[in-house]
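Residue numbering restarts at 1 for every chain, and letters A, B, ... go by the order of the sequence lines.
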Amino acid sequence: MLIHSSSTPALSVRGLCKSFDGKQAVEALDLTIRPGEFYALLGPNGAGKTTTIRMAAGLLPPDSGSIEIYGVDVRRDPIEARRITAWLPDEPALYDKLDPLEYLEFVAGLWGVEPGVALSRARDLLGVLELWPHRHTRCEGFSRGMKQKVALAGALIHDPMLLLLDEPLTGLDAAIARQVKDLLIARAKTGRAIILTTHILEVAERLADRIGIICDGRLCAEGTLAELRARTGRADDSLEDVFLDLTSRAAAP
Amino acid sequence: MHGLTGPTANLFVRLDGPAQAGALATATLFIFSWQLSQAINHFTRLLYARDDLDLLLASPVSPRAVVAAQAIVASVEIILVVGVFLFPMADMIAYKMGAHWLGIYPASIASALLASACGLSITVGLFNVLGPRHTRKAGQFTATFIASAMILGGQFAYLATGPTRATRALFHKLPPAPAFADWLLMAPVRGVAGDPVSLLIWLSLGAIAFALAVLRLGPGFLESAIRVKGAGDRQLTARDKPDRPFRPGAGAALRRKELKLLARDPWLFSRALLQLLYLAPVSIVIWISQDDPSLSLLVAPVLIMVLSHLAGILAWLTILSEDAVDFMATAPVTAGDILRSKLQAIAMPLGLILLIPALGLAWTEPRDAALLVIFAIFACVSTGLINIWHPAPPRRESATTRHNPPKIVALKENMLAACWAVACAGAIAEEKYWYFAASAALIFVWLNRPRRAGLAG
């Protein structure tokens, strides 16, 4: 395991480009996320948020540019990069015939977590997410929200240094969304970096330390909410107004 | 396949008149039971394959049209599965005994339509009686029972009365039926033999039963599918299981996961059991027809057929229909490690199934046991490779059902399994045809190799 100094960015993206069938999905993207930072990546549909997250998770090879996670190059040393990263999509694919405890044991085994530590973490996570009574129930009967919580527990069981969350709250009811948000805030407070894409701007407004807005594959604005407000001259407006202002400016010819 | 089915066709051609009629009646019953069992499996699976039906249920297409389309798919599937063996045999018989024997083609279509109608009716009936929680298992059990009862019953009569007297005993010892009933009951058999009036009656019966089942039971079937979907969310009864410590190791975790998923697969065991039930009686027939029957000839071909099919199914289930492909790609293990662990997980149950009979055989016939192991390995590797080389389209929705291997791959599997079984039997009997069967299998595998770089999985 590498020793990561606090000055090393949790995620450093430089000149990232990706195109599909000639269409540029991500273009010369630069991003820096610091350890302990909660970063919200916003943008209209098709702006390149998910493509960026998938490239950072090692699921898509970039056409050019570099991605480093705590100084580890994702392309040169993918195994080490994956060891300290967790990725959670909006539609988690679980194994329906496994129960939550079996799933967490499987994930912990893959990430090489010491069994005693993993069981203790599984107890904590399932307890916090109110899944402990269902720990021996196969996931096939679970609702979408319950499956999302199991997947989140799986993403956290190996205590990743960087969490890549692609619309993790989509489709969750208010109570479950609250549990997930509380858990993520607690993680960020322990020094873990979180990068989250979402269309629910209220979530970004409440949780994020910094916000990046992607338009047509480019980072068109970045900063704290106050900085973004100052940039648009909308000091008292909501993030929604700021977001719409910035994206419409970026779309203007 | 014509070459492989030729000897069986020759056996049929050489039978005398009554024996031929008996063999035809038995074969008609056997094929119908096989098709019926396939149809019940198809409709039960469809009932629980939620994703496939969701879009159709939400569309403005009429429920009857949806069920009709699914029933046609079921009929085509079961015609093809049976046809792989039946149609080449029909060609050979027609070549030797006249073109009217090509009536086997339309007769098998009529039989498939009737089987689909009965399969749909039985599935809906089971659901109405047992409800969503028990229909799946009951459907598998019923399908297996129907297939095995027909085959084993016929086999029992065959063994009890001797090869040539069996069918006579079966048909002549029954109390005489009224002339019309007898004529009607034997219509399918005469239809198979090419009698045009009987064929027309048989086809009409199949088509009418099919239409009635779709029209009357179609909406009920879809309502059952909706009830299954609703029932899924309520099945949260936690099993009383003690908490046990976690175990270490990425490779071990992968193997445990695969073995658990296989052990909990509701279709795997019924498919394997069905294979055994179909093949065991055929093997017994071949065995007792030998001048000097040996135990090896009874065990080896059946085991090779079952193992090669299982290898294909397991390769498809574990390697190609991985439920969480993206998740696995984010784990800190290499693709090679994942594939190796999955292959180990496949090899474990296959090895166990092979080990016990091979050890038993080694006690009395060590040469035959060695041949069995060698041919079983070749058979398993070749059917596994066919699955890996020709994966289903990598669609997530098909991966989550874990039960949609492409039909063309299933047909190739059948051919390879048959070739290796024949080759093993030939090698054990020291007949030279083993060389041709093994060469045919190897050439078939080579012809099916991937032509372009970039394998799936």
Turns out that what part of Arg255(B) lies under 4.5 Å from chain A's heavy atoms comes down to neither
Would you say the side-chain atoms of Asp30(A) pair up with the backbone N or O of Gly15(A), donor to acceptor, closer than 3.5 Å? yes
Contact class of Ala151(A) relative to chain B, heavy atoms under 4.5 angstrom: neither
Examine whether an atom of Arg256(B) lies under 4.5 Å from a heavy atom of chain A, and if so say whether it belongs to the side chain, the backbone or both; otherwise answer neither. side chain
Pairing of Asp166(A) and Lys49(A) as salt bridge, 4.0 angstrom limit: no
Taking the six-membered ring for Trp and the single ring otherwise, decide whether the centroids of Tyr95(A) and Phe106(A) are under 6.0 Å apart. yes
Please flag which part of Leu59(A) lies under 4.5 Å from any non-hydrogen atom of chain B: side chain, backbone, both or neither. side chain
Lys/Arg N to Asp/Glu carboxylate O, Arg83(A) vs Glu80(A), below 4.0 Å: yes
Sort Leu94(A) into side chain, backbone, both or neither according to what part of it lies under 4.5 angstrom from a heavy atom of chain B. backbone
Are Trp111(A) and Phe327(B) close enough that their ring centers fall under 6.0 Å? yes
